[in-house]
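Here the structure is laid out as structure tokens; the discussion comes afterwards.
Order of the sequence lines fixes the chain letters, A, B, ..., with proteins taken first and strands second; residue numbering starts at 1 for each chain.
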Amino acid sequence: MEKNNNITRQDLYQIVFNELGLPKNECAKFVDLVFEYLIKELEKKNKVKIALFGSFNLKTKSARVGRNPKTKETAEIIGRNVVRFKPSKMLIKKINKQINE
Amino acid sequence: MVDNKNYVKSDLINSIQLKYDKIPLRDIERIIDIIFKHLTNSLASGSSIELRNFGCWRIKNMKPKIARNPKTGEKISVGEKKKIYWKSSKVLNQRINKSKIET
């Protein structure tokens with residue numbers, strides 16, 4: 001069983017720090033800005049594509065009637081937007097590498 | 001309907017460059033590549049990624065199963081594989097639904 005590490009923003013700050021040698025708080029700002037831009041584009045309903053990683057797509061879900069599976073109560077689920085992530089082919093290949101070998 | 005544009009990696013690099021004009025473009029390009037490469041490699045090694053206020057990625061193991069070609073009805077065995085599970089954060093969900101809540 002592989003160890004279950006969790007990558008967080010802290011790890012990315014460290015990487016930028018190692019590469020750029022900027023002060024730590026500047027590195028944090030840099031990384032945060034990257035993801036801030038991605039969110040801004042999604043807010044504008046644009047599709048975000050990162051080559052070799054994947055793409056983020058905004059999908060509009062229409063309203064529907066849902067049911068609480070426990071209490072069986074019906075409730076209306078309002079229409080909303082969701083972000084979908086589609087991994088690139090290369091990423092899918094990469095995560096399945098160990099199995100194929 | 002607003003015309004939907006694709007925002008690609010080079011656009012991201014250019015946006016960052018506007019804020020960090022003292023860092024050479026080629027360095028910004030390299031860092032962005034390193035960031036996403038790190039995310040890719042982490043997922044490949046089975047780690048999950050959790051970026052606060054953005055979302056998280058997890059690896060899900062899919063058991064081998066027998067699937068069918070929907071056209072011919074032919075049986076095909078699909079081996080064990082891994083899938084990426086993505087969940088957007090609450091903050092991201094709120095932000096992309098902002099216009100809806102206001103109206």
Side-chain angles (χ1 to χ4, degrees), chain A residues 1-9 11-12 15-16 18-20 22 26-27 29-56 58 78-88 90-100, chain B residues 1-12 15-16 19-20 23 27-28 30-59 61 79-89 91-93 95-100:
Chain A
M1 188 80 193
E2 66 263 304
K3 56 184 166 159
N4 243 344
N5 280 332
N6 201 3
I7 304 297
T8 61
R9 277 180 195 251
D11 299 286
L12 298 179
I15 287 166
V16 175
N18 294 343
E19 282 297 319
L20 276 182
L22 285 172
E26 283 292 317
C27 296
K29 258 191 221 157
F30 186 97
V31 174
D32 290 344
L33 193 64
V34 169
F35 292 101
E36 180 59 31
Y37 276 131
L38 299 187
I39 296 176
K40 276 213 177 107
E41 289 306 316
L42 289 169
E43 276 181 316
K44 284 189 245 163
K45 296 189 165 50
N46 287 340
K47 200 174 172 183
V48 175
K49 270 184 175 169
I50 305 291
L52 302 182
F53 185 68
S55 60
F56 298 93
L58 208 66
I78 51 164
R80 66 210 187 280
N81 294 328
V82 291
V83 176
R84 293 228 291 204
F85 173 71
K86 188 169 181 275
S88 75
M90 183 272 215
L91 180 55
I92 295 173
K93 238 187 214 163
K94 231 174 168 178
I95 60 165
N96 282 301
K97 214 172 180 185
Q98 288 157 321
I99 290 172
N100 295 335
Chain B
M1 187 85 190
V2 219
D3 63 317
N4 290 3
K5 273 190 292 180
N6 276 349
Y7 187 75
V8 295
K9 197 156 71 182
S10 58
D11 298 322
L12 174 65
S15 318
I16 299 276
K19 288 263 166 118
Y20 287 86
I23 305 174
D27 281 351
I28 292 178
R30 206 187 55 200
I31 305 287
I32 303 275
D33 277 341
I34 288 171
I35 289 174
F36 286 105
K37 211 170 206 173
H38 184 74
L39 297 181
T40 308
N41 290 340
S42 308
L43 286 171
S45 66
S47 318
S48 48
I49 302 170
E50 193 181 327
L51 297 178
R52 286 284 152 92
N53 298 342
F54 191 72
C56 58
W57 293 263
R58 268 176 239 288
I59 298 287
N61 287 311
E80 188 190 337
K81 66 177 176 183
K82 286 178 181 173
K83 217 172 151 185
I84 293 172
Y85 169 84
W86 149 263
K87 193 171 183 232
S88 48
S89 80
V91 175
L92 178 55
N93 278 336
R95 287 184 62 174
I96 56 167
N97 284 302
K98 218 187 264 167
S99 54
K100 255 197 187 124

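- Residue B:Ile16 touches chain A through both its backbone and its side chain, counting heavy-atom pairs closer than 4.5 Å.
- Neither the backbone nor the side chain of B:Arg58 comes within contact range of chain A; no heavy atoms are under 4.5 Å apart.
- Atoms OG and NZ, from B:Ser45 and A:Lys94 in turn, are 10.0 Å apart once rounded to the nearest 0.5 Å.
- Distance CD1/A:Ile95 to CH2/B:Trp57: 13.5 Å, rounded to 0.5 Å.
- For A:Leu22, the part lying under 4.5 angstrom from a heavy atom of chain B is the side chain only.
- Proximity to chain A is limited to the side chain of B:Ile31, based on heavy atoms less than 4.5 angstrom apart.
- For B:Asp33, no part sits under 4.5 Å from any heavy atom of chain A, backbone or side chain.
- Here the straight-line distance linking atom CD1 of A:Ile92 with atom CD1 of B:Ile84 works out to 6.5 Å at 0.5 Å rounding.
- Both the backbone and the side chain of B:Leu51 come within contact range of chain A, each with at least one heavy atom under 4.5 Å from a heavy atom of that chain.
- Annotation for B:Ser48 and A:Asn6: closest pair O-OD1, 3.1 Å, computed over non-hydrogen atoms.
- Here CG of A:Asn96 is found 7.5 Å from NZ of B:Lys82. Values are rounded to the nearest 0.5 Å.
- No side-chain heavy atom of A:Phe35 sits under 4.5 Å from any side-chain heavy atom of B:Arg52.
- Per-residue heavy-atom pair counts under 4.5 Å with chain B were compared for A:Leu91, A:Ile39, A:Thr8, and the maximum is reached by A:Ile39.
- The closest side-chain heavy-atom distance from B:His38 to A:Leu12 is below 4.5 Å.
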### Task
Apply ring-ring contact (aromatic ring centres under 6.0 Å, His included) to the pair B:Phe54 and A:Phe56, showing each step before the final yes or no.
CA-CA 12 Å; B:Phe54 191 72; A:Phe56 298 93; 5.6 Å; yes
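- Atom CZ of B:Arg30 is surrounded by more than 12 heavy atoms from other residues, nucleotides or ligands within 6.0 Å.
- With B:Asn97 contributing its side chain and A:Asn81 its backbone, the two residues share a donor-acceptor pair below 3.5 Å.
- The parts of A:Leu33 that come within reach of chain B are both its backbone and its side chain, each placing non-hydrogen atoms under 4.5 angstrom from that chain.
- No donor-acceptor pair closer than 3.5 Å links the side chain of A:Asn46 to the backbone N or O of B:Asn6.
- In this structure, NZ on A:Lys49 lies 11.5 Å from CG on B:Asp11, to the nearest 0.5 angstrom.
- In terms of heavy atoms, A:Tyr37 sits closest to B:Lys19 at OH-CG, 3.3 Å.
- For chain A, the nearby part of B:Lys83 is the backbone; its heavy atoms alone come within less than 4.5 Å.
- Residues B:Arg95 and A:Glu36 are paired through a salt bridge, judged by an N-O separation under 4.0 Å between the basic side chain and the carboxylate.
- Each of B:Ile28, B:Ile32, B:Leu43 has some count of heavy-atom pairs under 4.5 Å with chain A, and the biggest count is that of B:Leu43.
- When heavy atoms are compared at a cutoff of 4.5 Å, A:Lys86 does not approach chain B at all.
- The backbone N or O of A:Val83 lies less than 3.5 Å from a partner atom in the side chain of B:Trp86, making a donor-acceptor pair.
- Note that CZ of A:Phe53 is 10.5 Å distant from NZ of B:Lys9, once rounded to the nearest 0.5 Å.
- In plain terms, the two heavy atoms of A:Leu42 and B:Leu92 that are nearest each other are CD1-CD1, 4.5 Å.
- Considering only heavy atoms from C-beta on, A:Arg80 stays 4.5 Å or farther from B:Ile96 through its side chain.
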### Query
Given B:Asp27 and A:Glu19, is the side-chain contact (heavy atoms from CB on, under 4.5 Å) satisfied, shown in steps?
CA-CA 9 Å; B:Asp27 281 351; A:Glu19 282 297 319; over 6 Å; no
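- Between B:Leu12 and A:Val34, the shortest heavy-atom contact is CD1-O, 3.7 Å.
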